[in-house]
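Notes for the one structure printed next.
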Amino acid sequence: MNNSVTKNSIRFVVLVLVQVLVLNNINFMGYINPYLYILFIVLYPIKNNRSLFIFLSFLLGLTIDMFSDSGGVHAAACVTIAFLRPAALKFAFGAMYDHQTVKIATAEFVSNLTYISILAVIHHIILFSLEVFNTSEVILILKKTLFSGVFTIILCILTIILFSKRK
Amino acid sequence: MQRIINFIIRNQSFLLFLLLFTLSVIFTIQSHSYHKSKFISSANFLTGGIYNSSHRITQYFGLRKENEILQEENNRLKTLLYNTSISGSDTTYTDSTSFNSKYRMTPAAVIRNSYSSTTNMLLIDKGVKDGLKEDLGVVTSKGIVGIIENLSGNYSSIISIINSNSKINAQLKNTDHFGTLEWDTQSPEYVQLVDVPKIAETNLVIGDTIITGGRSTIFPKGIMIGQVTGFNLDSAEDFYTIQVKLFNDMTNIGHVYVIENIDAEEIMNLLNDDE
């Protein structure tokens, strides 16, 4: 229990620092940035206190917002994917989730990809809709979601592979 | 009563989600309206401190470029100085730079710059303790950068001119036709000067310079902004929208100057009395 709390706290701080000091400055092709910090929400233990989890995600988003002066856009996107995570888990892992035996680091690659993609796409759509905040710029929102989304998904998968313990 | 409590307990995660989501949307809306984004700002000691220590490391990579910009500016100022001293070298000459000056300048370093989002902000390493206030203009040696929005003791955040909420009064250099400088979020190199009256048509030439207008108390008149690269009439055919290529490279801002108009309060008082 204690081990899990420490692990997640360190992950929280490290992901925020990596996001604001490194990844927010990539600006590939002018505007494409990966949002790796959602890995905190992706990897949070499956057996959890749901309210606490949603609140922590809100805090994560708000911290990123504070660093990037963006109002509350990251916070809104984060609470939404935290709330929708059980549904995404169920869709991606099926029966394994019902038995509460999902281990994201060791799960099948395809299920993992589906799970991360669902969360990343929802997160990015909400993030960019609120950031642009203008219904006449739908194309811009979709463009940003697509390119940044692909970047985020690839980086998330790579990070999970890199930091997972070998079987 | 029992039922209400039961309902709340059963749906607690959904209700919590709804509450937090609404809260973040409120923060977002506040950040889109001028001068209301007080709560969530990077101008505080924690985020400012972290950006400052990271800036202390990364600033070395840009030293060569910064030196070139400084030398260029020195060169321009020296030219100005030697050319004016010849005409003003009589005995009745008094140095008017030391008293009765209208503007106070404060140098500052940019410790964070963003240009990929639609609401771009900058963070500088000077704040209330250095005598800065809300609504002061920020410029570089080449042109304008933005306006101070939030302050803490040692840091202030600046709403950049490439921010879709930014609106700055600007005009053509050779005539006094003025308009509002806005950004259409497309490219960090170009901004748009909108609401320029149709009658300005005869004076519009591609390559003309756009400068700040003297109609606000924030910027002094005549600070360079950019160059006209194109213009077209809006849908109602009454006003021109002018494409302006910025002199500043907004993706690479190192050192800036904050301009304070000492008479701003007096002017604001006068204007308020009118209403």
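In the text below, chain A, chain B and the rest are named by the order of the sequence lines, each starting its count at 1.
In terms of heavy atoms, Ser51(A) sits closest to Leu16(B) at O-CD2, 3.2 Å. Residues Ser24(B) and Ala75(A) approach most closely at CB-CB, 3.7 Å, considering heavy atoms.
The structure places CG of Leu20(B) at 9.5 Å from CG of Leu59(A), a figure rounded to the nearest 0.5 Å. Met66(A) contributes atom CE, which lies 8.5 Å from atom CZ of Phe27(B) (distance to the nearest 0.5 angstrom). How far CD of Glu131(A) is from OG of Ser116(B): 7.5 Å, rounded to the nearest 0.5 Å. If you take OH on Tyr51(B) and CZ on Phe67(A), they are separated by 6.0 Å, rounding to the nearest 0.5 Å. Taking CD1 from Ile159(B) and CG from Asp69(A), the interatomic distance works out to 10.0 Å, rounded to the nearest 0.5 Å. Here the straight-line distance linking atom OG of Ser68(A) with atom CE of Met121(B) works out to 10.5 Å at 0.5 Å rounding.
Chosen from Thr80(A), Val132(A), Leu130(A), the residue pairing most often with chain B at heavy-atom distances under 4.5 Å is Thr80(A). Taking Leu19(B), Thr47(B), Thr251(B), Leu15(B) one by one and counting their heavy-atom pairs under 4.5 Å with chain A, the maximum is reached by Thr47(B). Your options are Val25(B), Thr119(B), Ile50(B), Thr22(B), and the one with the most heavy-atom pairs under 4.5 Å with chain A is Ile50(B).
Of the atoms belonging to Phe55(A), heavy atoms from both backbone and side chain fall under 4.5 Å from chain B. For Leu23(B), the part lying near chain A is the side chain, with the backbone staying farther off; criterion is any non-hydrogen pair under 4.5 Å. When heavy atoms are compared at a cutoff of 4.5 Å, Ile54(A) approaches chain B by way of both its backbone and its side chain. For Ser114(B), no part sits under 4.5 Å from any heavy atom of chain A, backbone or side chain. Heavy atoms closer than 4.5 Å to chain B are found nowhere in Ile32(A), neither backbone nor side chain. With a 4.5 angstrom heavy-atom cutoff, Ser54(B) touches chain A only via side-chain atoms.
A tilted orientation is assigned to the rings of Phe83(A) and Phe14(B), their planes being inclined by 30° to 60°.
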